[in-house]
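First listed ligand is number 1; within each ligand, the first listed atom is number 1. Quantities reported herein were computed from a predicted structural model and do not represent experimental measurements.
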Amino acid sequence: MSKETIKIPDVGSDQVEVIEICVAVGDEVAAEDSLVVLESDKASMEVPSPKAGKVLAILVSNGQSVGKDDDLIELELSGDEEAEASNDAKEGEDEPADDGADTKRTEAEAAPAADEPAEKADSGAKSQSETVSVPDIGTEEAVDVIEVCVSAGDEVAEGDSLVVLESDKASMEIPAPFAGKVESVSLKVGDSAKQGDPMLVMLVQAEAEAEKKPASESKSKGDSDSERTSEDKSSGAKDAQPSEAASEKESPAREPQSAPAKVSATPGSEVYAGPAVRKLAREFSIELGAVAGSGPKGRILKEDLQGYVKNLVENKSARSAGGSGIPAVPEVDYSAFGEVEKEALTKLNKLTAANMHRSWLNVPHVTQFDDADITELEVFRKGLKAEAEKRGVKMTPLPFLLKACAAALRANPKFNAALADNGESIVYKKYVHIGIAVDTPAGLVVPVVRDVDKKSLWELAAETAELAGKAKDRKLKPQEMQGGCFTISSLGGIGGQGFTPIVNTPELAILGVSKLTTKPVWDGSQFVPREMLPLSLSYDHRAINGADAGRFFTFLAEALSDIRRLLL
Ligand code: CAO
């Protein structure tokens, strides 16, 4: 096993700062794995390992200032590398033996068609067409066009991305060397292009023309599609890129071994990430701007990207679980069949629709039905009429239902709960707040009556009337519609024999109340007329079983049949 000291490559600046160390002592690294990230005032760059091996020592530290040929890492070469190294030695070749491995991870951003416009500029001309060609991209070889960022007719500012090219060593975004209007684009995704190939023709204004400078002097500016390209950092990037390109043209940095860490910034970009991360982001079509960076100075690390992708996948499966992907109902032109009138849904309608849809798709609903015999309750309730009038309230069956449900919720805590932690836990609520569905001209709203178990029937009658009034006048405050444990939807005043209400998620159950009717009930010896209240109980079968619902329903029906039980 032989050792080799990996040195800092030519990074295009005298001194650069070590801002990230990507390996630890003992790590096995493959050729091209990132070793450190360096940062100059112009750019940041990942330095990949030229060889595979085991990290024996890290010879730099975070924050340290380093320059070309400083010791970076001591590597114990793997067997293959040793063999190669000895072959190289035999062949008497020197450093280019890196064969570009150290450039592999880098993404050189090329200068805008650097010399082209300057060569073609006709000073004093009015609007004129300029051909923008592929600038010096550090290789004579043709590279792939992986993205064309503009199309004919687009107005582009100087520095806006025109195309993204990718070689096996780097990807680079080619910015507009000057502002203008795109007349035609001669490249398309999948094409190969090399230095000097025409990319597009731009119509350039006379003033712009006059101001136009050789690319080596021009500054690049704003670009939002930053994740497409090479290393960037907004500050410094503006000036850095063209001049870097220019210096690259002039310097012996064209030699293979000096290209490596030559990474320049994407103009104006706010995203801060290394080439390897950018490459990965491109492969997954991730907008790096959406990823929060946890590295030094907010740099996006590979782990950040992995976390982001994991979240996306989890959210997607959660959405799938919620029913996305089901075939859409086709739009129909109803006017083809007769006269129609179209009316936009209110905000409330749309909100209700979204809530119902979400609940319907997420919650496995079961609905059970029962009739509560409220004959005695009705006698009692009607007997309160005079007093109610005096008090200025209307004593409908609703306050009784609230009171009975509160007692049933206390007796059956599974109903006074919510699922949490993605279905891993259940939260039992020690309070009893019940929502009441209120039909209003604007749509359905559900104000919440708090601490129902602690309030008297009179208080509940007054409060429900007040909340229903506010709901109809659209005067409810948001907090008056929050915190419900359970909901009552009463259509009793309207009609119907029964319905299947949709659970008001994240609550676990809802009681539907239909119209009271007098029904013949067999008392063991004869049919007697009884006031029967049709009830339907929908619940979330993930948290509540049929037997639980049976018990809840039995308790509720008994409480309503004999309201003295509410005192127990
Ligand atoms: N059976 C028979 N009559 C009933 C009844 C029932 N189950 N419930 C109420 N009534 C009677 C009341 O006693 C009242 O009669 P009087 O006028 O003779 O006193 C009448 O029906 C009207 O009652 P109300 O509707 O004004 O009062 P309420 O307390 O019963 O209900 C409220 C209040 C706000 C719940 C109700 O007005 C409402 O908006 N209901 C619609 C709820 C809804 O839309 N649910 C569906 C949601 S899903 O789309």
Side-chain angles (χ1 to χ4, degrees), residues 345-346 348-360 363 365 367 369-375 377-389 391-405 434-449 452 455 457-476 480-481 484 486-505 507 509-519 530-538 556-557 560-561 563:
L345 289 179
T346 63
L348 189 57
N349 290 150
K350 286 194 257 184
L351 193 67
T352 303
N355 288 343
M356 294 295 173
H357 196 206
R358 187 179 54 198
S359 179
W360 184 255
V363 174
H365 281 75
T367 306
F369 300 88
D370 203 356
D371 280 351
D373 183 340
I374 62 165
T375 312
L377 185 155
E378 277 298 275
V379 173
F380 178 64
R381 185 180 74 84
K382 283 174 184 157
L384 294 173
K385 202 169 176 187
E387 190 181 345
E389 270 170 26
R391 287 174 177 262
V393 291
K394 199 160 75 167
M395 185 60 82
T396 67
L398 189 59
F400 294 89
L401 284 161
L402 280 164
K403 207 70 194 154
C405 284
I434 299 180
I436 45 168
V438 177
D439 178 41
T440 77
L444 181 68
V445 274
V446 187
V448 174
V449 185
V452 175
K455 288 179 177 161
L457 287 169
W458 293 120
E459 285 172 318
L460 292 173
E463 194 171 334
T464 50
E466 188 196 335
L467 286 172
K470 276 188 176 179
K472 284 168 185 164
D473 296 339
R474 308 190 71 176
K475 296 229 167 84
L476 283 172
E480 289 175 308
M481 293 182 278
F486 179 86
T487 295
I488 297 177
S489 176
S490 174
L491 291 175
I494 301 168
Q497 293 185 355
F499 64 106
T500 54
I502 295 178
V503 175
N504 187 16
T505 45
E507 295 166 17
I510 181 168
L511 182 76
V513 183
S514 295
K515 194 173 175 63
L516 176 68
T517 46
T518 309
K519 284 185 183 172
R530 304 293 292 177
E531 300 297 309
M532 304 302 286
L533 183 68
L535 300 173
S536 44
L537 179 72
S538 295
L556 185 67
L560 289 168
S561 299
I563 51 168

Heavy atom of protein inside 4.0 Å of [atom], strictly below:
atom                    : result
atom 46 (C) of ligand 1 : yes
atom 18 (O) of ligand 1 : no
atom 30 (O) of ligand 1 : yes
atom 15 (O) of ligand 1 : no

Locate the shortest heavy-atom distance separating [X] from [Y]; write the atom from each residue and the value.
X    : Y    : result
F400 : L457 : CE2-CD1, 3.6 Å
F499 : S514 : CD2-OG, 3.5 Å
L402 : T464 : CD1-CG2, 3.3 Å
Q497 : P534 : O-CB, 3.3 Å
D370 : A557 : OD2-CB, 4.2 Å
T367 : S536 : CG2-CB, 3.9 Å

Revision key, fill the gap. At under 4.0 Å between heavy atoms, what of T440 touches ligand 1? The answer is neither
Check your understanding: Just heavy atoms, cut-off under 4.0 Å: does A465 contact ligand 1 by side chain, backbone, both, or neither?
Key -> neither
Review point. Mind checking what makes side chain to side chain donor-acceptor pair (under 3.5 Å) contact with R530, not counting sequence neighbours?
Key: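 With neighbours one apart ignored, the set is D373, T375, E376.
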I'd like to know whether ligand 1 has [X] as a neighbour, heavy-atom separation below 4.0 Å.
X    : value
S514 : yes
P501 : no
T464 : no
L444 : yes
K385 : no

Residue [X] vicinity, atoms of ligand 1 by number, heavy atom under 4.0 Å:
X    : answer
L516 : 1 (N), 2 (C), 6 (C), 7 (N)
S490 : 40 (N), 41 (C), 42 (C)
K394 : 17 (O), 19 (O), 26 (O)
A468 : 34 (C)
L533 : 7 (N)
P397 : 8 (N), 9 (C), 13 (O)
K472 : 37 (O)
R381 : 13 (O)

Where the side chain of [X] meets the backbone of [Y], is there a donor-acceptor pair that is under 3.5 Å apart?
X    : Y    : result
T396 : L398 : yes
K519 : L533 : no
S489 : A437 : no
S359 : N355 : no

In terms of residue, atom name and distance, what is the protein heavy atom nearest to [atom]?
atom                    : result
atom 43 (C) of ligand 1 : L491 CD2, 3.6 Å
atom 44 (O) of ligand 1 : D439 CB, 3.5 Å
atom 33 (C) of ligand 1 : L398 CD2, 4.0 Å
atom 32 (C) of ligand 1 : A437 O, 4.5 Å
atom 21 (O) of ligand 1 : G493 CA, 3.2 Å
atom 3 (N) of ligand 1  : G492 O, 3.6 Å

Review point. Counting only heavy atoms not in R391, do more than 12 sit closer than 6.0 Å to its CZ atom?
Key: yes
Practice item. Assess whether atom CD of E387 is packed by more than 12 heavy atoms of other residues, nucleotides or ligands within 6.0 Å. Key: yes
Exercise for review: Return the orientation label for the H365 and W360 ring planes: parallel under 30°, perpendicular over 60°, tilted otherwise.
Suggested key: tilted
Check your understanding: Taking N or O atoms only and a 3.5 Å limit, does T396 qualify as a polar contact for ligand 1?
Key ->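 Min N/O separation from ligand 1 is below 3.5 Å for T396.
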Review point. Hey, which of L556, I488, I374, D371 is the one that makes side chain to side chain contact (heavy atoms under 4.5 Å, CB included) with L535?
Key: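 Between L535 and the candidates, side chain to side chain contact (heavy atoms under 4.5 Å, CB included) is satisfied uniquely by L556.
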